[in-house]
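What follows is a set of notes on a single structure, which appears directly below.
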Protein chains: 2
Amino acid sequence: MRTSSNLDPAPWRRPTPVTPVKSPRPEADAALRLIGATAHLARDREVFGEGEPADQVFKVVSGAVRGFRVLADGRRQICDFYLPGDIFGLDLGETYRIAAEALCDTVLIVARRSLLGEDRDPAAARALFNLAMEQLRRGQELALTLGRRSARERMGCFLLDLESRLGESACLDLPMSRQDIADHLGLTIETVSRTLTQMQNAGLVRISGARSVELRQRQALSGLRA
Amino acid sequence: MRTSSNLDPAPWRRPTPVTPVKSPRPEADAALRLIGATAHLARDREVFGEGEPADQVFKVVSGAVRGFRVLADGRRQICDFYLPGDIFGLDLGETYRIAAEALCDTVLIVARRSLLGEDRDPAAARALFNLAMEQLRRGQELALTLGRRSARERMGCFLLDLESRLGESACLDLPMSRQDIADHLGLTIETVSRTLTQMQNAGLVRISGARSVELRQRQALSGLRA
DNA sequence: CGGCACCTTGAGTATCCTCAAGAGAGGTGG
DNA sequence: CCACCTCTCTTGAGGATACTCAAGGTGCCG
């Protein structure tokens, strides 16, 4: 079996539905007029499934979300991780093309797509357009990362990207597991683990406790090859 | 150096500029109001370079185009191939994020982006939006393909995608070289060649003359693994 | 016919995957 | 507070796959 974790009953998949909770004091996103309810999701809880009607847009307040598709053989490709501030669920068609799950306890703002009328408001339309272009850019970046041949290169790209999105602090706090990273980078969990160890031995990073990585030589990380 | 304009070992790159030719009888694209000049490009001619001002949008009339980026070490990642009917060059920022070159003798329709005013015309805006979402989808598909681990899988995905875009005819006519395919799939040219030979030996395809592939067992191609 | 670009094939090696077992970390209950 | 369990991560050994280097074949064009 070639896959991530296990397959038959997809253990990462819990069919529990989202239960948006009316916020007493709804937060507003000026740019997108994303005014809606907030939802609190426990770890591994599903936000939406692949193929479900795409009538909601989400913004991460805290926590993190994985967007992924499951291939025919049960493998999982994580297309993107959504971090605080990110907006996701924007899909052209009637249904979501990818599934989404909370990586950890997560708070989202939920907005109905129909309320973001694309032609009702030119400003909102432009914001949506910019959002789509931004995600397009991210998709291209991922393709570039996956096109890189060695595990070290992919890992380096991933860490640098994550840092730039989470903000440069002393220590990078990974919201996802090794398996998630593996499924994102097209590697196995063992290779991810070994690569990190190797990078630590080379002095490129310092790892403390599996979820915490300190980047020490960004130059070398970005230049990793072979 | 991110602009791919002058990389030492980039033999595929010819710095010849595009010279749009006023068409006596401009073709019109109703959906996008893409009314502009046509350009005829010889093989390997550059359409635009990475980092150049992004003020034009293109539609392929005939021929084919590769959109790519050059990595720091000189490797090339081809993000997408643009085939007849495809529109490309739509970029959010001020400059193109990828470069584009003709794969073979190619005819394009060229339109200034400023003429496609995003807020001047709701219909055009929506068309642009849909276009962006479509490219987003393609980016995700590429990520899915590159995430697949074996060369056979990637090759199978690639061939099926290409066929679906070129139309199902008896024989698939590849507009790109083995090297282009390799740079698209994150493989080497030797692996591409070997994989195709192997697929032929397995009865999955029939190859005649390097640029012509007949898909014989689509089911098996899509299900390729290990 | 020769030159050139592209493609194929071979041999050897590096990288990554698979299978398997052990080590931490966190939570639960006695 | 500690034993125990589970989940996750790490590490090891062996094998499969893709890369590198190199040579030879094919087709096209002058």
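Predicted, not measured: the structure shown is a model, and the values here were computed from it. Below, chain A is the first sequence line, B the second, and so on; all start at residue 1. Only heavy atoms go into these numbers, but all of them, side chains included; no hydrogens, no water, no symmetry mates.
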Below the 4.0 Å mark, does [N] have OP1 or OP2 next to a side-chain nitrogen or oxygen of [X]?
{"X": "T197(B)", "N": "dT9(C)", "answer": "yes"}
{"X": "R149(B)", "N": "dC17(C)", "answer": "yes"}
{"X": "R43(A)", "N": "dT8(D)", "answer": "yes"}
{"X": "T191(A)", "N": "dC17(C)", "answer": "yes"}
{"X": "T188(A)", "N": "dC17(C)", "answer": "yes"}
{"X": "R152(A)", "N": "dT15(C)", "answer": "yes"}

Touch check for [X], heavy atoms < 4.0 angstrom, all strands: base, sugar-phosphate only, or nothing?
{"X": "L196(A)", "value": "nothing"}
{"X": "S177(A)", "value": "sugar-phosphate"}
{"X": "R154(B)", "value": "nothing"}

Atom-to-atom span, [atom1] of [X] to [atom2] of [N] - whole angstrom:
{"X": "I181(B)", "N": "dA18(D)", "atom1": "CD1", "atom2": "C1'", "result": "17 Å"}
{"X": "I207(B)", "N": "dG27(D)", "atom1": "CD1", "atom2": "C1'", "result": "16 Å"}
{"X": "D44(A)", "N": "dT8(D)", "atom1": "CG", "atom2": "C1'", "result": "13 Å"}
{"X": "Q198(B)", "N": "dA18(D)", "atom1": "CD", "atom2": "P", "result": "8 Å"}
{"X": "L174(B)", "N": "dC6(C)", "atom1": "CG", "atom2": "P", "result": "15 Å"}
{"X": "M176(A)", "N": "dT8(D)", "atom1": "CE", "atom2": "C1'", "result": "16 Å"}
{"X": "N201(A)", "N": "dT11(D)", "atom1": "CG", "atom2": "P", "result": "8 Å"}
{"X": "R211(A)", "N": "dG26(C)", "atom1": "CZ", "atom2": "P", "result": "11 Å"}

For the residue pair Y82(B) and F88(B), does the interplanar ring angle fall in the parallel (under 30°), tilted (30 to 60°) or perpendicular (over 60°) class?
parallel
For Y96(B) and F48(B), take the angle between the two ring planes, folded into 0 to 90°, and tell me which bin it lands in: parallel under 30, tilted 30 to 60, perpendicular over 60.
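Parallel: the ring planes of Y96(B) and F48(B) meet at under 30°.
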Test side chain to side chain donor-acceptor pair (under 3.5 Å) on Q200(A) and R206(A); report intermediate values, then the result.
CA-CA 5 Å; Q200(A) 173 161 249; R206(A) 225 174 70 81; 5.7 Å; no
Where do S212(B) and C171(B) come nearest, in terms of heavy atoms and distance?
OG-SG, 3.0 Å
So, does the side chain of R194(A) form a donor-acceptor pair with the base of dT18(C) at under 3.5 Å?
yes
Kindly say whether, by distance alone, the side chain of Q179(A) makes a donor-acceptor pair under 3.5 Å with the base of dC7(D)?
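Result: no qualifying N/O pair found.
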DNA chain C: 5'-proximal contact among G209(A) and G186(A) (nearest heavy atom):
G186(A)
If you apply the rule salt bridge (charged side-chain N to carboxylate O under 4.0 Å, His left out), what do you find for D80(A) with R66(A), and how did you get there?
CA-CA 6 Å; D80(A) 208 351; R66(A) 62 177 154 244; over 6 Å; no
Side chain of E190(B) - closest among dC21(D), dC19(D), dC16(C)
dC21(D)
